[in-house]
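Worth saying up front: this structure is predicted, and the values here are computed from it rather than measured.
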Amino acid sequence: GGDGTWCAEANIGFGSFENGMLEITYDSPLPIGGFQFILSGVNVINALGGDAGDAGFTTSVGADSNIVLGFSLTGASIPAGSGILTNLFVEVIDLSACFVDFVLSDDDGDEISVSLADCVELPCPSDEDEDGICDLEDECIGFYDCAGECNGNALEDCEGICNGDAVVDECGVCGGD
């Protein structure tokens with residue numbers, strides 16, 4: 001027998017990403033009693049709000065582990081349905097964020113099967129040297145000198161020779177006397 005709820009699957013995904021805040025979304029046929037997950041591509045700074053916040057969940061983030069944990073100390077749950085599970089405040093360290101692991105439990109503490117969304121593309125956090133290459137992928141943040149060294153100090157002389165010693169004389173002649 002049974003009522004078929006053990007075959008039910010929750011969908012977990014990504015909502016919008018703005019100003020360092022990434023929404024984690026859910027669509028669950030069962031009430032949610034808790035969650036635990038890890039993301040790659042970001043350092044999670046804080047998790048708060050969303051339906052977990054509305055339900056009075058305690059959410060925390062492991063400082064070194066990047067594990068996000070949400071549960072209720074009073075036995076509260078998030079009703080079956082869909083919405084924003086929680087909001088993550090993140091530092092982007094890759095151009096995409098992916099779920100590494102996700103555990104979702106119902107209001108009795110039993111695990112709910114989950115279907116995880118594909119990775120989400122994230123905007124480039126920085127292009128400090130304004131060369132059009134995201135600093136996360138840029139081999140040289142800065143400039144290449146004439147010897148091909150990143151942020152090197154080799155210069156071309158007035159004859160166009162890298163590290164050459166020709167200079168413009170007092171008469172304005174390159175390499176003159």
Please tell me if the side chains of [X] and [Y] come closer than 4.5 Å, counting only heavy atoms from C-beta onward.
X: L122; Y: V90; answer: no
X: V68; Y: F35; answer: yes
X: D51; Y: Y26; answer: yes
X: S96; Y: S40; answer: no
X: I24; Y: F37; answer: yes
X: L39; Y: F14; answer: yes
X: F57; Y: T86; answer: no
X: F143; Y: N151; answer: yes

Can you measure from [atom1] ([X]) to [atom2] ([Y]) and round to the nearest 0.5 angstrom?
X: S82; Y: N11; atom1: OG; atom2: CG; result: 10.0 Å
X: S105; Y: D110; atom1: OG; atom2: CG; result: 8.5 Å
X: I161; Y: L155; atom1: CD1; atom2: CG; result: 13.5 Å
X: C174; Y: D157; atom1: SG; atom2: CG; result: 6.0 Å

Within the side chain of [X], is there an N or O that forms a donor-acceptor pair under 3.5 Å with the backbone of [Y]?
X: Q36; Y: V103; result: no
X: N66; Y: V42; result: yes
X: D135; Y: E128; result: yes
X: T59; Y: A47; result: yes
X: D127; Y: G132; result: yes
X: N87; Y: E23; result: no

With hydrophobic residues grouped by side-chain heavy-atom distances under 4.5 Å, do [X] and [Y] end up in a single group?
X: L88; Y: L116; result: yes
X: L22; Y: L95; result: yes
X: L30; Y: V114; result: yes
X: V100; Y: I67; result: yes
X: V120; Y: M21; result: no

Item checked: Heavy-atom pair of closest approach, residues L104 and A10 -> CD2-CB, 3.6 Å
Notebook entry, point to check: What are the two closest non-hydrogen atoms of P125 and L136, and how far apart are they?
Noted result: CD-CD1, 3.7 Å
Item checked: CG (D108) with more than 12 external heavy atoms under 6.0 Å -> yes
Note to self: Tell me if the CD atom of E156 is crowded by more than 12 foreign heavy atoms within 6.0 Å.
What the structure shows: yes
Check: Will you find, in the side chains of S113 and E9, an N or O donor that is under 3.5 Å from an N or O acceptor?
Finding: no
Check: Knowing that exactly one of D27, T25, I78 qualifies, which makes a side chain to side chain contact (heavy atoms under 4.5 Å, CB included) with L85?
Finding: I78
